[in-house]
2 protein chains.
Amino acid sequence: MQLNSPMADNAYARAGVDTDRTGRAIAGLVEVLRTIDPGRPSRSVVGSGHYAAVIALDERTGLALSTDGVGSKVIVAEQLERYDTVGIDCVAMNVNDLVCVGAEPLALLDYIALEDADPDVLRQIAVGLKAGAEQAGVEIPGGEVAQLPELIRGHPSPRGFDLAASAFGVVQLDSLITGERIAPDDAVIGLPSSGLHSNGYTLARRALPDLGEPFGHHTVGDELLVPTVIYVRAALDLIRSCDVRGLAHITGDGLLNLLRLNDQVGFTIDSPLPVPAIFEAIAERAEVSPEDMWLAFNMGCGFCCVVPADQAGTAVALLDGHHPGAARIGTVTAEAGVVELPHAGLSFGRR
Amino acid sequence: MQLNSPMADNAYARAGVDTDRTGRAIAGLVEVLRTIDPGRPSRSVVGSGHYAAVIALDERTGLALSTDGVGSKVIVAEQLERYDTVGIDCVAMNVNDLVCVGAEPLALLDYIALEDADPDVLRQIAVGLKAGAEQAGVEIPGGEVAQLPELIRGHPSPRGFDLAASAFGVVQLDSLITGERIAPDDAVIGLPSSGLHSNGYTLARRALPDLGEPFGHHTVGDELLVPTVIYVRAALDLIRSCDVRGLAHITGDGLLNLLRLNDQVGFTIDSPLPVPAIFEAIAERAEVSPEDMWLAFNMGCGFCCVVPADQAGTAVALLDGHHPGAARIGTVTAEAGVVELPHAGLSFGRR
């Protein structure tokens with residue numbers, strides 16, 4: 001159970017939000033759910049806290065499950081009245097999590113809660129879901145549309161909607177990737193992000209409130225709406241070719257996500273991928289420190305793969321074919337629970 | 001893809017909501033999603049429109065998937081500040097759908113979008129989810145909590161939340177229950193509901209706005225918050241004992257749900273289960289016609305099982321052991337697409 005936190009803890013604190021309380025709230029929820037007795041032995045192989053849960057279907061086959069939403073990025077879509085890309089984000093947030101345990105995503109169910117079921121808006125959302133599904137190689141055999149005008153706030157009304165999904169895939173239990181085999185000296189390879197992806201929008205929208213403002217070759221609104229990259233085909237291809245020891249979808253907590261794989265090691269990121277201009281603009285306008293930026297955003301790297309050092313070259317060549325710009329960004333260290341960015345003089349630990 | 005419609009079409013129309021437009025909107029979404037090309041042959045065995053989607057994992061095993069939410073029933077929980085039962089509704093809405101295809105539910109992922117992550121509220125929600133999961137025999141190995149104050153309306157703020165989930169189960173493909181084997185003269189057995197379950201709350205809350213008003217041995221608020229019955233263990237037990245030809249979770253469209261199983265037959269419900277007092281109160285206060293009531297609410301019957309006539313006695317005895325009050329309520333007819341309630345002089349067709 002992950003908190004889809006709209007910004008890093010320190011920025012949260014400055015905004016008057018008590019993240020300790022939020023963390024406590026979610027920990028309390030998880031604690032109760034862990035005590036569920038289904039009346040038979042639990043089939044959980046990988047549980048809460050990793051990117052995807054895994055349930056054993058039989059002795060060999062695992063069913064991987066994940067659920068996530070687009071969060072407040074949908075507000076940008078509402079304000080621009082362009083709804084045909086957030087479906088890609090919705091698929092991406094789920095399948096990028098699912099593939100982190102080595103599972104092949106098969107299907108996704110969408111959940112759309114909205115104020116008003118406008119046919120054109122729903123069709124546009126579907127166009128995005130379809131594009132994302134085809135990029136990920138999944139079907140969408142069902143879903144739910146809940147018209148809940150009393151529950152959903154619009155920007156403005158009645159354009160409000162929330163877009164989430166759940167995704168399912170299969171993984172052979174003897175091929176599960178959990179991160180536990182990650183060892184010092186392993187190579188960390190980064191795959192470029194397309195921008196913010198689907199995290200950090202509360203802070204980003206506060207920093208750049210004018211969506212019509214020119215930004216590079218387009219506008220702030222265009223930039224904030226760029227869809228999340230889907231890494232599924234690249235990750236599955238890598239799994240077939242290398243000894244993949246860890247896969248991390250880089251979301252709300254930035255590079256701290258690496259520690260979700262294994263906190264008995266550390267990570268030194270000495271050659272980070274180039275940081276896209278949108279992050280510099282946010283840091284400047286909202287006066288966010290480099291530390292907070294790295295803890296809230298993907299900073300140009302949307303997905304990390306950990307492989308043995310001697311396979312780094314093969315892995316980079318393969319991944320670059322899928323996502324040009326993929327590169328080795330760092331190395332696993334023996335410093336348990338620490339992520340270092342030596343070029344920026346930063347060092348983070350999981351709180 | 002089902003619309004979680006807050007009231008029947010006619011009542012909708014009176015409230016100024018264009019249900020044709022809503023139906024068109026959802027049909028348009030489904031139409032686009034049906035054209036998804038995952039780059040491999042589709043594994044869908046049962047698709048959109050049935051209670052659960054089924055994906056073939058291999059030649060013998062199907063993975064059943066469903067997703068649904070509690071809808072505006074959560075507003076009653078907010079107003080009463082009692083959050084420990086809506087989790088049961090959340091599990092029920094999903095697992096009761098899943099078992100309709102004959103699948104054994106295994107796991108559920110919750111999705112909670114909220115204004116403010118209050119530890120006590122989340123713990124109470126978890127208590128309900130746990131109770132529901134244990135009734136259904138499922139685990140909850142993961143989920144998502146999204147703190148989205150800009151997206152969620154509270155009643156009052158910051159109590160707002162939306163509670164949904166997705167559920168997964170397995171079914172042997174040669175034991176799938178789709179309703180296609182339903183034939184005239186089969187028996188329809190009804191299982192009692194506990195009240196509104198999780199449908200019709202927009203209309204119910206309009207009819208009975210004072211949650212503190214005495215109602216029977218408790219209050220209107222207590223009555224509106226009674227959790228949805230979970231029929232999983234009864235349905236699975238019946239599947240092991242009888243030739244079950246159809247299972248229908250009776251939700252937003254009332255007995256019209258029977259036609260989701262098979263619209264080449266009809267259903268005569270000549271002995272409906274007793275109608276709980278809450279439905280009479282809503283009809284009276286909101287001046288809803290009997291026809292609209294039967295099209296919006298479960299009217300005392302939360303789940304229907306269709307078995308061959310000669311197995312009706314066995315089935316009723318077994319089901320009554322799980323849900324006292326279970327009874328044969330009607331018969332399958334040859335009148336394609338028609339549900340009749342002769343005692344009330346009503347006849348419905350799927351629009």
Side-chain angles (χ1 to χ4, degrees), chain A residues 1-4 21-22 24-26 28-29 32-33 36-39 42-44 47-48 53 55 57 63 65 67-69 71-72 75 106-107 109 111 113 117-119 122-123 126-127 129-130 133-134 137-148 150-153 162 164 166 168 170, chain B residues 1-4 21-22 24-26 28-29 32-33 36-39 42-44 47-48 53 55 57 63 65 67-69 71-72 75 106-107 109 111 113 117-119 122-123 126-127 129-130 133-134 137-148 150-153 162 164 166 168 170:
Chain A
M1 197 87 47
Q2 276 295 115
L3 170 68
N4 180 8
R21 178 166 164 275
T22 302
R24 259 202 338 272
I26 293 174
L29 173 86
V32 173
L33 299 184
I36 289 171
D37 174 7
S42 166
R43 290 169 176 247
S44 276
S48 198
I55 292 281
L57 288 177
L63 173 66
L65 309 168
T67 183
D68 206 349
S72 51
I75 297 172
L106 291 179
L109 302 178
Y111 173 75
D118 181 276
L122 274 182
R123 197 194 53 78
V127 164
L129 288 168
K130 173 182 157 100
E134 293 188 343
V138 301
E139 309 177 48
I140 305 184
E144 170 74 6
V145 177
Q147 195 166 348
L148 297 168
E150 294 174 285
L151 247 87
I152 302 295
R153 290 186 203 268
D162 184 26
S166 48
F168 325 100
V170 286
Chain B
M1 198 85 47
Q2 276 296 114
L3 170 69
N4 181 8
R21 178 166 165 274
T22 302
R24 258 202 336 273
I26 294 174
L29 172 86
V32 174
L33 299 183
I36 290 170
D37 175 7
S42 166
R43 291 169 176 247
S44 277
S48 195
I55 293 280
L57 288 177
L63 173 66
L65 310 167
T67 183
D68 205 350
S72 51
I75 298 173
L106 290 179
L109 301 178
Y111 172 75
D118 182 276
L122 274 182
R123 197 195 53 75
V127 164
L129 288 168
K130 173 181 156 97
E134 294 188 342
V138 300
E139 309 177 47
I140 304 183
E144 169 74 6
V145 177
Q147 196 166 345
L148 297 169
E150 294 175 284
L151 248 86
I152 302 295
R153 291 185 200 268
D162 185 26
S166 48
F168 325 101
V170 286

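Side chains are part of it too, since the values below use all heavy atoms of this structure and drop only hydrogens, waters and symmetry mates. Letters A, B, ... mirror the listed sequences (proteins, then strands); counts begin at 1.
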Student: Can you list the steps and then say if B/Thr67 with A/Glu144 is a side-chain hydrogen bond (donor to acceptor under 3.5 Å, both in side chains)?
Tutor: CA-CA 6 Å; B/Thr67 183; A/Glu144 170 74 6; over 6 Å; no

Student: Which residue out of B/Ala113, B/Ala133, B/Gly28, B/Gly137 racks up the most heavy-atom pairs below 4.5 Å with chain A?
Tutor: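 So the answer, after comparing B/Ala113, B/Ala133, B/Gly28, B/Gly137, is B/Gly137.
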
Student: Please identify, among A/Leu129, A/Leu151, A/Leu109, the residue contributing the most non-hydrogen atom pairs under 4.5 Å to chain B.
Tutor: A/Leu151

Student: Of the listed residues (A/Leu106, A/Ile55, A/Asp118, A/Leu63), which shares the most heavy-atom pairs with chain B below a 4.5 Å separation?
Tutor: A/Leu106

Student: Quick one: pull up CZ in B/Arg24 and CG in B/Leu29 and give me the separation to the nearest 0.5 Å.
Tutor: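 Answer rounded to 0.5 Å: 14.0 Å.
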
Student: CD1/B/Ile36 to CD1/A/Ile140 distance, rounded to the nearest 0.5 angstrom?
Tutor: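 B/Ile36 atom CD1 to A/Ile140 atom CD1 measures 3.5 Å (nearest 0.5 Å).
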
Student: Between A/Val127, A/Leu65, A/Val138, who has the most heavy-atom pairs with chain B when the cutoff is under 4.5 Å?
Tutor: A/Leu65

Student: Rounded to the nearest 0.5 Å, how far apart are OH of A/Tyr111 and OH of B/Tyr111?
Tutor: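 One gets 8.0 Å once the value is rounded to the nearest 0.5 Å.
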
Student: Working to the nearest 0.5 Å, report the span between CZ of A/Arg153 and CG of A/Asp162.
Tutor: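 Answer for the CZ-CG pair, A/Arg153 versus A/Asp162, is 13.0 Å.
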
Student: Pick whichever of A/Val170, A/Val32, A/Leu57 has the most heavy-atom pairs under 4.5 Å with chain B.
Tutor: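 When all of A/Val170, A/Val32, A/Leu57 are compared, A/Val32 has the most.
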
Student: So which of B/Lys130, B/Arg123, B/Glu139 has the biggest tally of heavy-atom pairs under 4.5 Å with chain A?
Tutor: B/Glu139

Student: Quick one: what part of A/Ile75 sits under 4.5 Å from any heavy atom of chain B, side chain, backbone, both or neither?
Tutor: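 Contact with chain B involves the side chain of A/Ile75 alone.
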
Student: Could you give the distance from CZ (A/Arg21) to CG (B/Leu122), rounded to the nearest 0.5 Å?
Tutor: 9.5 Å

